[in-house]
Amino acid sequence: MPGGLYGDLELAKSVGHTPLSPAVFLTSTILAYTSGNCINFIDTVSPSTKNSDSPPDALKSVHANAQITAFALWRRENVVAYAERENTVIKLVKWPSEATLGMGKLEAPKDVKITALAFSYDGQYLAALGSLPTFSITVWDWRSGALICEVENHMAVNVLSFCPLDPTCLCVSGEDGIRFLRIEMGHKKNVMKSITGKPIPMSHSTLFPAVTDQSPKPTTHTWTIDNQILCTTDTGNELVHYDPATGECEVFVAAGEDTEDSSFENGQMACAVVAREAIIIGGKDGFLRWYAFEAEKITKTIPVAAGTELIRLAFSPDYQHLLVESMDGRLFHYKVGAAECALTLESPGHPTHLTLLRMANLVVTASHSSLQFYSTEDPDRHALIGKDHLSGVPTCIASSSFAPLVAVGSSSGVVRLYDCRNGRSPRLIARHRVHHEAVEKISFDPSGRYLISCSKDGRICLFEAFDVFGLWGSLKIEGDICACAWSLEEDVGTALFLYILTVNPRQRTSFVHRFSVPLERKAKDTGELHLPPSVVYKIDDVLVDMVIVPSHLSAGRETFYVTSVDRKLKSYQAPAGSKVLSTAGVSVARLNDDGKLGQDVVHLGVPAYEVRNFHNESWPEAFVTDFAHSPKTMRRLKYRYI
């Protein structure tokens with residue numbers, strides 16, 4: 001990323017598992033998994049794992065330029081192959097040095113992205129599985145960079161693997177079925193021949209009440225010791241045996257076939273691996289079950305993530321550890337010798353909001369129903385130091401610049417305040433239900449004295465947050481509130497301004513309401529706020545978000561950077577001296593609504609700056625702008641929700 005006032009932006013650590021690509025063992029104890037645009041490595045048997053409150057030891061990560069969509073490991077030489085979003089070039093690096101391997105260019109350009117990668121078990125080949133439109137399968141001799149063969153699959157699949165005993169045999173499976181492929185080397189040209197797996201007979205799905213007339217579809221698969229395939233199905237009711245040479249299939253285990261005390265319930269089989277004496281099956285109920293070959297029944301059941309589906313299983317190279325991955329991104333490892341299962345990596349719960357609390361060296365994230373507090377003091381560790389469960393869904397989050405405080409708004413209209421002074425145990429110190437609908441925006445002012453919350457109900461609530469936290473009052477504003485911002489003006493003394501962005505989509509207009517907020521509060525009562533009359537800026541566009549450049553940093557003119565629904569970043573400048581509304585060439589009018597006192601309206605006209613978004617995708621997107629102390633310095637960071 002281009003350097004700014006403080007140099008280049010460098011990623012220090014990424015926390016949480018992004019389950020686009022399966023986590024795998026590099027060695028018998030070292031585990032690798034994707035986290036955004038990183039591949040993280042952790043030691044599952046480090047001393048810290050003995051304390052359940054401490055995370056495993058983190059090792060050096062592999063960093064990519066974009067989100068990683070697939071990766072694979074060649075264990076013998078610590079080679080990491082990975083693919084990035086919106087890029088079909090495969091990159092090869094050495095771990096832990098991250099040294100790029102100088103092979104030829106490995107590219108699979110027929111599809112939009114790469115969804116799966118796999119090394120053959122002898123380390124000779126690297127295979128890639130594409131996505132839309134062709135779902136192509138490409139195989140290289142990765143050491144020389146030579147293309148071995150490629151074929152357009154035209155079947156929606158997302159799982160790719162090599163046969164452990166034959167590097168020329170592959171298998172792919174997914175929502176459209178299962179297919180077996182074999183590489184045949186020729187004198188002039190290599191070809192890849194394929195056999196599509198036969199449909200699973202309907203008779204096998206009549207052991208339990210049928211919900212659909214369609215035949216079950218194979219999903220994930222695993223190889224057996226005799227080069228056969230076992231796969232689960234989308235119904236979760238059967239484990240199916242396939243012969244890759246013919247594509248023939250039969251149901252190996254079905255729900256309801258066993259005794260009442262050990263049978264599978266309908267729809268519970270989600271994934272499986274083959275051990276020496278049994279098949280280990282991960283359930284949609286979060287349990288592991290051992291189906292013994294000789295006894296032909298379930299002989300052991302272990303709870304792993306009760307109530308959460310287990311989606312992937314994988315053995316370590318020595319078969320002493322079993323990696324278990326759950327739907328919510330958590331990773332567990334089962335110790336075969338000790339017959340115990342432990343949590344290796346906690347899931348942050350797919351964070352939807354994030355803030356950095358500099359005063360306490362914390363990063364705070366909000367997910368569906370909880371807050372997570374991470375320490376930034378030690379960037380080499382995943383330091384989840386606290387977690388708080390909420391009764392409502394978090395909708396916005398903000399931190400104070402001058403106090404160790406974090407504020408959270410929720411879908412139930414509640415504003416919560418957390419004191420993070422003690423970095424090891426953040427605590428809830430205030431909870432107020434001040435809105436009838438969800439809190440849309442929440443923000444501390446630059447001085448740290450006030451906190452504002454905005455809601456769909458049209459109310460704006462102002463809190464004191466400096467000495468004692470409490471509601472000062474509220475005001476009502478017309479229109480749909482979609483953003484708020486603060487500004488400290490220093491050109492005419494020190495003045496604090498509050499900006500509220502409202503939108504009228506039908507008339508395709510937006511209004512920025514500016515209120516003057518006293519730096520020292522005199523009134524002690526609460527209720528409706530009596531702020532000085534506001535200035536209203538009118539913009540002929542439907543806006544999404546905004547940030548403000550104070551006038552003392554922009555040649556005496558307030559500058560608004562906004563994002564609009566047409567995916568553009570725009571800049572508008574208020575007229576110089578807009579506090580008295582006397583600039584020539586700017587239309588000034590009076591707003592009167594149902595006999596209420598009118599407000600001065602300034603029409604800002606055409607934008608002074610405009611640039612189209614870099615992607616042709618729809619919102620949501622956001623722009624975070626950081627204004628430094630120099631009038632000419634602005635750092636803008638663009639990020640996308642993933």
Side-chain angles (χ1 to χ4, degrees), residues 22 111 115-116 118 127 129-137 151-163 166 168-184 191-258 263-274 279 281-284 289 291 293 296 309-313:
D111 296 319
T115 59
L129 173 63
S131 62
L132 292 170
T134 67
F135 295 93
S136 293
I137 301 166
V151 62
E152 295 183 1
N153 190 41
H154 294 293
M155 175 187 286
V157 291
N158 58 359
V159 182
L160 167 71
S161 68
F162 277 95
C163 174
D166 188 348
T168 64
C169 292
L170 300 92
C171 179
V172 292
S173 62
E175 61 180 89
D176 279 358
I178 189 168
R179 183 166 287 171
F180 313 101
L181 306 106
R182 177 177 290 276
I183 302 171
E184 294 188 357
V191 296
M192 187 182 298
K193 294 186 177 181
S194 64
I195 296 176
T196 302
K198 301 292 180 63
I200 300 171
M202 287 295 298
S203 59
H204 296 297
S205 61
T206 58
L207 295 170
F208 36 83
V211 182
T212 175
D213 294 334
Q214 296 182 352
S215 174
K217 299 290 186 183
T219 52
T220 63
H221 67 264
T222 184
W223 292 86
T224 66
I225 58 175
D226 55 350
N227 286 5
Q228 301 293 291
I229 288 287
L230 287 177
C231 70
T232 54
T233 66
D234 57 349
T235 64
N237 293 318
E238 42 288 283
L239 190 64
V240 183
H241 171 269
Y242 270 98
D243 183 353
T246 62
E248 298 292 339
C249 68
E250 62 178 351
V251 174
F252 190 78
V253 179
E257 283 190 342
D258 211 346
S263 64
F264 288 102
E265 296 182 5
N266 291 350
Q268 290 301 328
M269 290 180 272
C271 54
V273 291
V274 179
I279 302 172
I281 302 174
K284 294 185 178 182
R289 295 175 174 87
Y291 184 88
F293 291 121
E296 295 187 351
E309 180 179 348
L310 305 181
I311 59 174
R312 297 185 186 101
L313 304 176

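Here the structure is a predicted model, which means the values were calculated and not measured. Throughout, residue positions are numbered sequentially from 1 according to the sequence presented.
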Which atom pair, heavy atoms only, marks the closest approach of [X] to [Y]?
X	Y	result
C271	R312	SG-N, 3.7 Å
D111	G130	OD2-CA, 3.2 Å
G247	F180	CA-CE1, 4.1 Å
G174	N158	CA-OD1, 3.9 Å
F162	A118	CE1-O, 3.3 Å

For residues 191-201, tabulate all N or O donor-acceptor pairs below 3.5 Å that involve a side-chain atom, not counting sequence neighbours.
from, atom 1, to, atom 2, distance (Å)
K193, NZ, E184, OE1, 3.4
T196, OG1, R179, NE, 3.0
T196, OG1, R179, NH2, 3.1
K198, NZ, E248, OE2, 2.8

Open item on the list: Keeping T168 on the side-chain end and R182 on the backbone end, is there a donor-acceptor pair under 3.5 Å?
Closed with: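 No: the side chain of T168 does not pair with the backbone of R182.
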In Å, rounded to the nearest 0.5 Å, how long is the span from [atom1] of [X] to [atom2] of [Y]?
X	Y	atom1	atom2	answer
L160	H221	CG	NE2	7.0 Å
E238	C231	CD	SG	9.0 Å
C249	Q228	SG	CD	12.0 Å
L313	I281	CG	CD1	9.5 Å
N153	T134	CG	OG1	8.5 Å
W223	C169	CH2	SG	6.0 Å

Task: Criterion side chain to side chain donor-acceptor pair (under 3.5 Å) against T232, the qualifying member of T222, T220, N237 - done: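 The single option meeting the side chain to side chain donor-acceptor pair (under 3.5 Å) with T232 is T220.
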TODO: Measure up the H241 and F252 rings against each other and bin them: parallel (under 30°), tilted (30 to 60°), perpendicular (over 60°).
DONE: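 Correct class here is tilted.
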Side-chain heavy atoms of [X] within contact of [Y], under 4.5 Å:
X	Y	value
I183	L170	yes
C171	L181	no
E296	Y291	yes

TODO: Please test I279 against F293 for side chain to side chain contact (heavy atoms under 4.5 Å, CB included), starting from the C-alpha separation and ending with a verdict.
DONE: CA-CA 7 Å; I279 302 172; F293 291 121; 3.5 Å; yes
Task: Residues D234 and T219: side-chain donor-acceptor under 3.5 angstrom - done: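 No donor-acceptor contact under 3.5 Å links the two side chains.
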Open item on the list: I'd like to know whether CD1 of I225 has more than 12 heavy-atom contacts from other residues, nucleotides or ligands below 6.0 angstrom.
Closed with: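 Check fails, neighbour count at 12 or below.
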Task: Test side chain to side chain contact (heavy atoms under 4.5 Å, CB included) applied to V157 and T115, step by step - done: CA-CA 9 Å; V157 291; T115 59; over 6 Å; no
Task: side chain to side chain contact (heavy atoms under 4.5 Å, CB included) between K217 and D176, intermediate numbers included - done: CA-CA 7 Å; K217 299 290 186 183; D176 279 358; over 6 Å; no
